Amino acid sequence: MSKDVIVTQNISKTYGKPPLQVYALRETNLQIKQGDYIAIIGPSGSGKSTLMNLLGCLDKPTSGNIIIDGSDVSTLNENELARIRREKIGFIFQKYNLIPTLNALENVELSMGFAGVDSQTRTKKAKQLLEMVELTKRMTHKPSEMSGGEQQRVAIARALANNPSIILADEPTGNVDTKSGDNIMRILEEVNKKGETIIVVTHNMAIAQRAKRVLRIQDGEVKEEHV
Amino acid sequence: MFRDNVKLAIKNLRNRLSRSLLTLLGISIGIMAIISLLALGEGMQQAITGELSSLSDVIIVSTGGNAFSAFGGGGSTGQYFTQRDIAVIQRLQGIKEISTQLSGSALAEYNGKKTIVSLTGMDIAVMRLQYSTTSLKAGGFLNEGDQNKIMIGYGIAHDTFDADISVGGRIKINGEKFFVTGIFGKQGMGGVSSDSIVLMSSRDFTKLTGQSNISLIYLRIENVKDAESIATTIQGAINENHGRKDFATATTMTSILETVQSITGILQVVLVGIASIALVVASIGIMNTMLTSVMERTREIGIMKAIGATNQDIMSIFIFEGMLLSSVGGIIGIILGVFGSQGLTLILNSFMQMGGSMNLTPVITITSVVLAVTVSLMVGVLSSLYPAYKAARMSPIEAVRYE
């Protein structure tokens, strides 16, 4: 029986004050286990990004609790949340979001640097990760010198750098062609097979159907779909 | 993390090279101004105090309430010392030498034009001492034993008579012929007293005018430590002779030195103050560059926060950038300051015509270099503090979404 990596207890996120209060997410209860591969789907403005931001500790819920790896993160301060993001979560964004002044290797090393990993260890690890995403020949290239697919693979390597227990991918194939998109999903699935929890937000049903679980969000309410 | 921050800062500054270089130039100019002006101020202080401290055993007694001016002057107030005053001084213990400066006026004639000029007579040794800081334009000082020889100021040589007077020229004073052996350079900003001077030996003065109007008394004392007490005694005794409390002022070189030091000290503070304006402008430049950088890198900041950077990490990245800019700018500024101070001195020397023994040399002290480095680092930290704080406070969600 796998342990719970994320548990949400009645989390809600609202913007504004009554009577103009808007619910971005309503009393959501989720249980995400180690090794889960979850797709979150829903129309634009349904609350997908809000849920991702909350699960990724980029934002705090208005009410309810989020428990990551056994500890309640809803009450933590900014720096403690940064530590959780650094140690437990790996982000993959739709627009890759690599640092433009750094090359592929340095981009992967960056988050390890924030975690205090020494220079030699992180270079070795970054090289291994870039090899894994088949970018051995692109290590010294800057993001502007790489294709969308390659940049996203660097982003995957970066997300894995600090051995997180959860990978959050926001439309990871949204900006790449079908072949690259398929390659990216294949890498993520391989990572999932090694025991990593993967949560993917997507519009693409074909991508969603590759997941083990699908969560549909509509007007801030999350429902589990059976695939 | 220190090395990473430095590496990151270098990469970011290189990525915005022209802007970084312009900001760097700003700080360099600020530091250059501080170094140059401090060097100039220090040079000025050392030049003046160097001259004066060699005269530490000298006391100058002048008439009137004002202290003697150290710069080639010696005010004639129309009141003169008497032989009784001299006798009082001669009776005192610890006096090595007494000498006087005589003042009067006479009718001078050159090339057919006659005019009244001020005459100053003094012992040759005293003359050399008093005018040691005044530059000579031509010729040389009078020598002991010289008779019917004079030194004249620039104004007498060029502006008083119809024709210019040169060294070797003959001027008739009260009907007697005098040869010009030396002409002082134009004083300009340095002082005006020697421009209209006609200087001769005491013996010639007395012989010519039949007067002995003593306007200044120079004393050399045996022990420098006694300077202040002897000066007070002399002042009191002469004042008593004349029945007035403010007839004479006895000034020691030590007190002149203190006055000069406090004046040059104030001058240095003013100079640094002026240079600081350049530095303030430069630090605003850094802040501007950093704020622009923070805005341009909003997304980058969001990404870094998302992948685990704390507020402190973000702040230190930007503060390092500011410090790097300012410290490199500071080092360049110090190097430019070394050359700048030489250039400034050359310009000042030629403007003020402070040639001869009073040549100004810039002095760059360790203190001013340490001060420049410290100030530049502080400027870097302070001016990047606000941009760094702004960056650190950014919400990672909004920053990541920023286009």
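Given the structure is predicted, the values throughout are model-derived calculations rather than measurements. First the proteins, then the strands, lettered A, B, ... as listed; each starts at 1.
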Heavy atom to heavy atom, less than 4.5 Å: which residues from residues 124-153 of chain A reach chain B?
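Residues qualifying by a heavy atom under 4.5 Å from chain B are absent, so none.
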
Contacts of residues 53-74 of chain A with chain B (heavy atom under 4.5 Å):
A:Asn53, A:Leu58, A:Asp59

Is [X] atom [atom1] crowded by more than 12 heavy atoms from other residues, nucleotides or ligands, each under 6.0 Å away?
X        : atom1 : value
A:Gln21  : CD    : yes
A:Asn10  : CG    : yes
B:Ile366 : CD1   : no
B:Gln261 : CD    : yes

Distance-only, no hydrogens or angles: does the A:Asn79 side chain make a donor-acceptor pair with backbone N or O of B:Asn311 under 3.5 Å?
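Checked: pair present.
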
Shortest non-hydrogen contact from [X] toward [Y]:
X        : Y        : value
A:Ala82  : B:Ala309 : CB-O, 3.7 Å
B:Gly308 : A:Arg86  : O-NH1, 2.9 Å
B:Glu300 : A:Pro100 : OE1-CD, 3.7 Å
A:Thr101 : B:Asn15  : CG2-ND2, 3.1 Å
B:Ala306 : A:Phe93  : CB-CZ, 3.8 Å

Just so I know, are the side chains of [X] and [Y] near enough to count as touching, which here means a heavy-atom distance under 4.5 Å?
X        : Y        : result
B:Met304 : A:Ile99  : yes
A:Arg122 : B:Asp4   : yes
A:Phe114 : B:Ile307 : yes

Name all residues meeting the salt bridge (Lys or Arg N to Asp or Glu O under 4.0 Å) criterion together with A:Glu80; count only those two or more places apart in sequence or in a different chain, and write none if there are none.
none

Can you name the salt bridge (Lys or Arg N to Asp or Glu O under 4.0 Å) partners of B:Lys11, sequence neighbours left out?
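Salt bridge (Lys or Arg N to Asp or Glu O under 4.0 Å) check on B:Lys11 returns A:Glu106.
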
Heavy-atom distance under 4.5 Å to chain B: side chain of A:Leu98, backbone, both or neither?
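Contact with chain B is through the backbone of A:Leu98 alone.
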
